[in-house]
Peer 1: 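The structure follows.
Keep in mind the model is a prediction, meaning the values are calculated, not measured. Just the heavy atoms: all of them, side chains too, but no hydrogens, waters or symmetry mates, feed the values below. Below, chain A is the first sequence line, B the second, and so on; all start at residue 1.
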Amino acid sequence: MDIPDTTALTDLVRQAQLGREDAQRSLIVSYQNRIAGFIYSITGRSDAVEDLAQIIFIKMIRALPRLDQPAQFEAWLFRMARNACIDHLRRQRWQRLFSPLEQEDHFEIPETPTSVDSEELDALRHALSKLKPSDRALIALAQEGRSQQEMADATGVTVVALKARLHRAREQLRQHYEHAS
Amino acid sequence: MNTPPESRAWYRLNQHAAAQLPADFPDRVLRQLRLTRTEPRGAARLFLHPFAVSAYTAAFCFLLVVILHTRSTEETNARHLAQWHEVAMQTASLDPL
């Protein structure tokens with residue numbers, strides 16, 4: 001489903017804030033594919049996409065009444081998604097730390113490309129896996145068209161620092177991608 | 001602006017990720033939301049988190065050790081003081097002056 005224009009989106013968000021289930025459903029339908037791509041680019045795991053997307057949309061609906069500016073919905077949603085993905089990766093790291101016998105857990109095994117995956121997708125997945133999770137999140141936010149100010153707010157750094165980090169992350173991604181493809 | 005070489009790969013990545021969601025994904029989210037509304041939320045959920053429970057237990061044990069140690073020290077001090085008092089009395093009674 002296409003993303004509604006700004007005015008329609010603001011109306012939809014307002015209705016969802018009032019608890020209207022049809023509006024909440026429309027928001028989920030409008031953003032589920034973008035959120036799925038966002039999660040996958042940060043976690044690199046297909047099996048994490050559905051669970052994390054569900055967590056993010058449940059958080060979204062619960063937190064909607066506290067969103068003061070419905071016009072800022074999209075930036076707010078992706079900030080929430082970024083935090084959920086980073087928390088997920090952090091939790092996994094802790095789990096691995098406290099469960100050394102579960103080293104062979106499926107999260108440890110890198111996702112193997114299937115026959116239907118293209119070489120391009122495989123190369124991008126490989127390149128992303130070489131970056132730090134915070135840099136992957138930055139690239140994913142930029143890929144979603146978030147402004148530098150929004151990305152700086154989401155990551156808690158200044159715009160100047162963000163520009164430098166984003167430039168470095170993009171360069172690394174490009175190098176790894178070219179190397180892999 | 002030049003298109004980055006990986007732009008087509010991004011499109012494929014998004015397609016691959018979107019394909020991981022079932023067709024009834026929005027219904028599943030709303031169903032799950034209804035179910036979780038009956039569970040403890042916010043502060044209550046934080047309170048029952050395993051890390052939080054571990055922290056309370058550790059804090060309780062630490063407090064218990066401090067209390068027991070304080071009591072034990074006070075009792076020992078009182079006993080030693082009484083013994084010292086007794087010795088002092090005996091010494092005073094033996095003093096010829």
Side-chain angles (χ1 to χ4, degrees), chain A residues 1 21-22 24-41 43-62 94 111 113-114 116-128 139-140 143-144 170 173-174 176-178 180-181, chain B residues 1-70:
Chain A
M1 190 176 154
E21 209 170 86
D22 53 339
Q24 293 170 350
R25 184 191 305 272
S26 297
L27 283 177
I28 297 170
V29 173
S30 301
Y31 284 94
Q32 65 178 38
N33 289 351
R34 285 174 66 188
I35 288 291
F38 186 78
I39 294 167
Y40 187 58
S41 54
T43 63
R45 301 282 328 177
S46 303
D47 51 10
V49 171
E50 189 188 342
D51 285 350
L52 267 174
Q54 195 169 82
I55 290 170
I56 291 163
F57 282 114
I58 288 175
K59 274 188 178 176
M60 176 198 87
I61 294 172
R62 279 188 178 157
W94 276 100
E111 193 164 295
T114 63
V116 293
D117 285 351
S118 69
E119 277 181 21
E120 292 160 319
L121 172 58
D122 199 26
L124 180 58
R125 202 159 43 197
H126 171 80
L128 282 168
I139 297 257
Q143 199 61 27
E144 272 303 324
R170 275 182 169 148
L173 181 74
R174 186 162 300 138
H176 290 301
Y177 180 79
E178 283 168 1
S181 60
Chain B
M1 193 178 133
N2 290 337
T3 312
E6 68 273 12
S7 57
R8 241 165 61 122
W10 276 110
Y11 174 74
R12 288 196 184 272
L13 183 139
N14 288 329
Q15 270 190 325
H16 172 83
Q20 307 307 312
L21 299 181
D24 63 341
F25 177 73
D27 293 321
R28 286 188 190 202
V29 173
L30 294 172
R31 206 179 309 133
Q32 188 63 31
L33 187 72
R34 274 183 233 117
L35 284 174
T36 52
R37 268 180 185 147
T38 56
E39 287 177 2
R41 290 170 61 185
R45 221 173 60 183
L46 198 69
F47 189 76
L48 294 172
H49 192 276
F51 280 145
V53 173
S54 308
Y56 311 141
T57 312
F60 176 75
C61 290
F62 179 72
L63 202 66
L64 199 67
V65 167
V66 169
I67 290 170
L68 288 176
H69 179 259
T70 310

Peer 1: Under the criterion side-chain contact (heavy atoms from CB on, under 4.5 Å), I'd like the reasoning laid out for A:Asn33 against B:Asn14: C-alpha separation, chi angles, the key distance, then a yes or no.
Peer 2: CA-CA 7 Å; A:Asn33 289 351; B:Asn14 288 329; over 6 Å; no
Peer 1: Check B:Phe25 against A:Gln54 and note the closest heavy-atom contact, atom names and distance.
Peer 2: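 Looking at all heavy atoms of both residues, the closest pair is CZ-N, 3.7 Å.
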Peer 1: Look at A:Leu27, A:Ile35, A:Ile28 and state which one has the largest set of heavy-atom pairs under 4.5 Å with chain B.
Peer 2: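 The option with the most such pairs is A:Ile28.
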Peer 1: To the nearest 0.5 Å, what is the distance between CZ (B:Arg12) and CD (A:Glu120)?
Peer 2: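 Separation between the atoms: 5.5 Å.
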Peer 1: Which heavy atom of B:Ala17 sits nearest to which heavy atom of A:Ala36, and what is that distance?
Peer 2: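 Heavy-atom minimum between the residues: CB-O, 3.3 Å.
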Peer 1: Check each atom of A:Ile39 against the heavy atoms of chain B and say whether the ones under 4.5 Å are side chain, backbone, both or neither.
Peer 2: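 Contact with chain B is absent: no heavy atom of A:Ile39 under 4.5 Å.
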Peer 1: Identify which part of A:Leu128 has an atom lying under 4.5 Å from any heavy atom of chain B, answering side chain, backbone, both or neither.
Peer 2: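 The side chain, not the backbone.
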Peer 1: Which heavy atom of B:Leu21 sits nearest a heavy atom of A:Glu50, and at what distance?
Peer 2: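 Smallest heavy-atom distance, with atoms named: CD2-CA, 3.8 Å.
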Peer 1: If I compare all heavy atoms of A:Tyr40 with all of B:Leu13, which pair ends up nearest, and what's the gap?
Peer 2: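 Heavy atoms of A:Tyr40 and B:Leu13 come nearest at CD2-CG, 3.6 Å.
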Peer 1: Contact part of A:Gln143 toward chain B, heavy-atom cut-off under 4.5 Å: side chain, backbone, both or neither?
Peer 2: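 Only the side chain of A:Gln143 comes within 4.5 Å of chain B.
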Peer 1: Taking side chain as everything from C-beta outward and backbone as N, CA, C, O, which of these in B:Leu30 sits under 4.5 Å from a heavy atom of chain A? Side chain, backbone, both or neither.
Peer 2: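 Side chain of B:Leu30 only, per the 4.5 Å heavy-atom cut-off to chain A.
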Peer 1: How long is the gap from NE2 on B:His16 to CG on A:Leu121, to the nearest 0.5 Å?
Peer 2: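 If I round to the nearest 0.5 Å, the distance is 6.0 Å.
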Peer 1: Going by heavy atoms in the side chains, are A:Phe57 and B:Pro26 under 4.5 Å from each other?
Peer 2: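 They are not in contact (no side-chain heavy atoms under 4.5 Å apart), so the answer is no.
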Peer 1: With a 4.5 angstrom heavy-atom cut-off, is it the side chain or the backbone of A:Ile61 that approaches chain B, or both, or neither?
Peer 2: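 The side chain, not the backbone.
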Peer 1: Return the CD to CD1 distance between B:Gln32 and A:Ile55, rounded to the nearest 0.5 Å.
Peer 2: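 One gets 9.5 Å once the value is rounded to the nearest 0.5 Å.
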Peer 1: Does OH in B:Tyr56 sit with more than 12 non-hydrogen atoms of other residues, nucleotides or ligands closer than 6.0 Å?
Peer 2: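 Counting other residues, nucleotides and ligands, OH of B:Tyr56 exceeds 12 neighbours.
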Peer 1: Can you tell me how far CZ of A:Arg62 sits from OG1 of B:Thr36, rounded to the nearest 0.5 angstrom?
Peer 2: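 Between B:Thr36 OG1 and A:Arg62 CZ, I get 4.0 Å after rounding to 0.5 Å.
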